[in-house]
Amino acid sequence: MEKRKLVFATNNQHKLCEIRAILGDKYEILSLEDINCHTDIPETANTLEGNAHIKAKFIYDQYGLACFADDTGLEVEALNGAPGVYSARYAGGNGHDSEANMNKLLLNLKEKTNRKAQFRTVIAFIENGEEHFFEGIVKGEIIKEKQGNCGFGYDPIFCPEGYTETFAELGNEIKNKISHRAKAVEKLCAYLTHKQ
Ligand code: IMP
């Protein structure tokens, strides 16, 4: 049977790999590039939900395809939830400079004993004009120095609860089972399976 097509509104290869590893058996996951969308969709909301909505709605309106979009933030307790929705651009500039972002976070936490943090992912899914949101959270703590080479973003400084290694040391196989994104995708998947 032909797999159902779903657009994942991203070109981030790490995320596409993660999502295809989780959903790939059942769905053909198309990236923005796969559908020939080269627009830089602006993420102008000040919540994860808002940004996920903007991206999914843009694709749904322009292409009429079932689509989901995610937005993720690292929420640090001692920093009142920062960097949160601004995680990609925490160190300024155009964003996505992971080294600069991690350095800034480590500096801001230097004097803090409370190192608790969580990754939170929100997925917005739109099909037939209906929108649903799914949330995934993984709790953990920010360690003092970067460790490990796998993954991306803040992975080298985030140690998930119940583990002594960072996401970057644990590697993708374990991360894909326990991560914020995996949890949000599991909920999306359960929803998709249930409604079939
Ligand atoms: P996005 O909205 O999903 O692109 O995520 C925003 C920022 O959060 C990214 O630029 C990364 O710095 C960080 N981030 C998102 N997901 C992860 C992850 O799984 N591990 C580490 N950092 C992440």
Side-chain angles (χ1 to χ4, degrees), residues 7-22 29 31-33 40-59 67-76 79 81-106 108-109 115 117-125 133-143 146-161 163 165-186 188:
V7 179
F8 181 18
T10 188
N11 278 323
N12 180 322
Q13 290 305 319
H14 291 283
K15 288 192 195 173
L16 282 162
C17 265
E18 283 184 9
I19 295 275
R20 284 181 178 137
I22 298 164
I29 306 294
S31 67
L32 291 177
E33 211 166 283
D40 190 14
I41 307 165
E43 297 184 28
T44 49
N46 58 7
T47 60
L48 299 175
E49 287 77 4
N51 279 337
H53 164 78
I54 289 173
K55 289 185 273 183
K57 179 96 168 58
F58 180 88
I59 298 302
C67 172
F68 66 94
D70 76 328
D71 204 34
T72 295
L74 176 62
E75 300 173 335
V76 179
L79 302 177
V85 71
Y86 304 109
S87 293
R89 293 162 273 163
Y90 191 44
N94 290 333
H96 300 290
D97 182 344
S98 297
E99 286 300 315
N101 287 339
M102 285 190 287
N103 290 340
K104 179 170 175 184
L105 186 59
L106 290 177
N108 286 346
L109 282 179
R115 316 280 302 188
Q118 65 179 27
F119 274 114
R120 190 163 74 90
T121 291
V122 174
I123 289 178
F125 170 68
F133 290 91
F134 305 92
E135 182 187 71
I137 290 175
V138 62
K139 291 182 185 292
E141 59 179 46
I142 304 299
I143 59 164
K146 297 164 205 159
Q147 284 180 29
N149 302 308
C150 300
F152 69 104
Y154 296 87
D155 280 349
I157 56 170
F158 182 82
C159 190
E161 223 169 63
Y163 293 82
E165 295 109 327
T166 64
F167 264 162
E169 292 174 295
L170 288 169
N172 286 339
E173 203 177 319
I174 296 177
K175 184 185 171 193
N176 285 344
K177 288 196 180 117
I178 63 170
S179 81
H180 41 299
R181 205 158 18 255
K183 288 178 183 171
V185 171
E186 265 163 35
L188 168 67

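This one's a predicted model, so the numbers in the text were calculated from it and none came from an experiment. Counting starts at 1 for both ligands and their atoms, following the listed order. Positions are given from 1, in the same order as the sequence printed here.
With sequence neighbours left out, Lys183 forms a salt bridge (Lys or Arg N to Asp or Glu O under 4.0 Å) with no residue at all. Taking the salt bridge (Lys or Arg N to Asp or Glu O under 4.0 Å) definition, one finds that Glu43 meets it with Lys55, sequence neighbours left out. Applying the side-chain contact (heavy atoms from CB on, under 4.5 Å) rule to Glu169 yields the partners Gln147, Glu165, Thr166; only residues at least two apart in sequence or on another chain are considered.
In this structure, Phe133 and His53 have tilted ring planes: the angle between them lies in the 30° to 60° band. Taking the six-membered ring where tryptophan is involved, the planes of Phe158 and Phe167 are tilted, since the angle between them lies from 30° to 60°.
When all heavy atoms of Pro83 and Leu105 are compared, the pair lying nearest together is CD-CD1, 4.3 Å.
Around ligand 1 you find Lys15, Asp71, Thr72, Ser87, Ala88, His96, Phe119, Phe152, Gly153, Tyr154, Asp155, Lys175, His180, Arg181, each with a heavy-atom distance below 4.0 Å.
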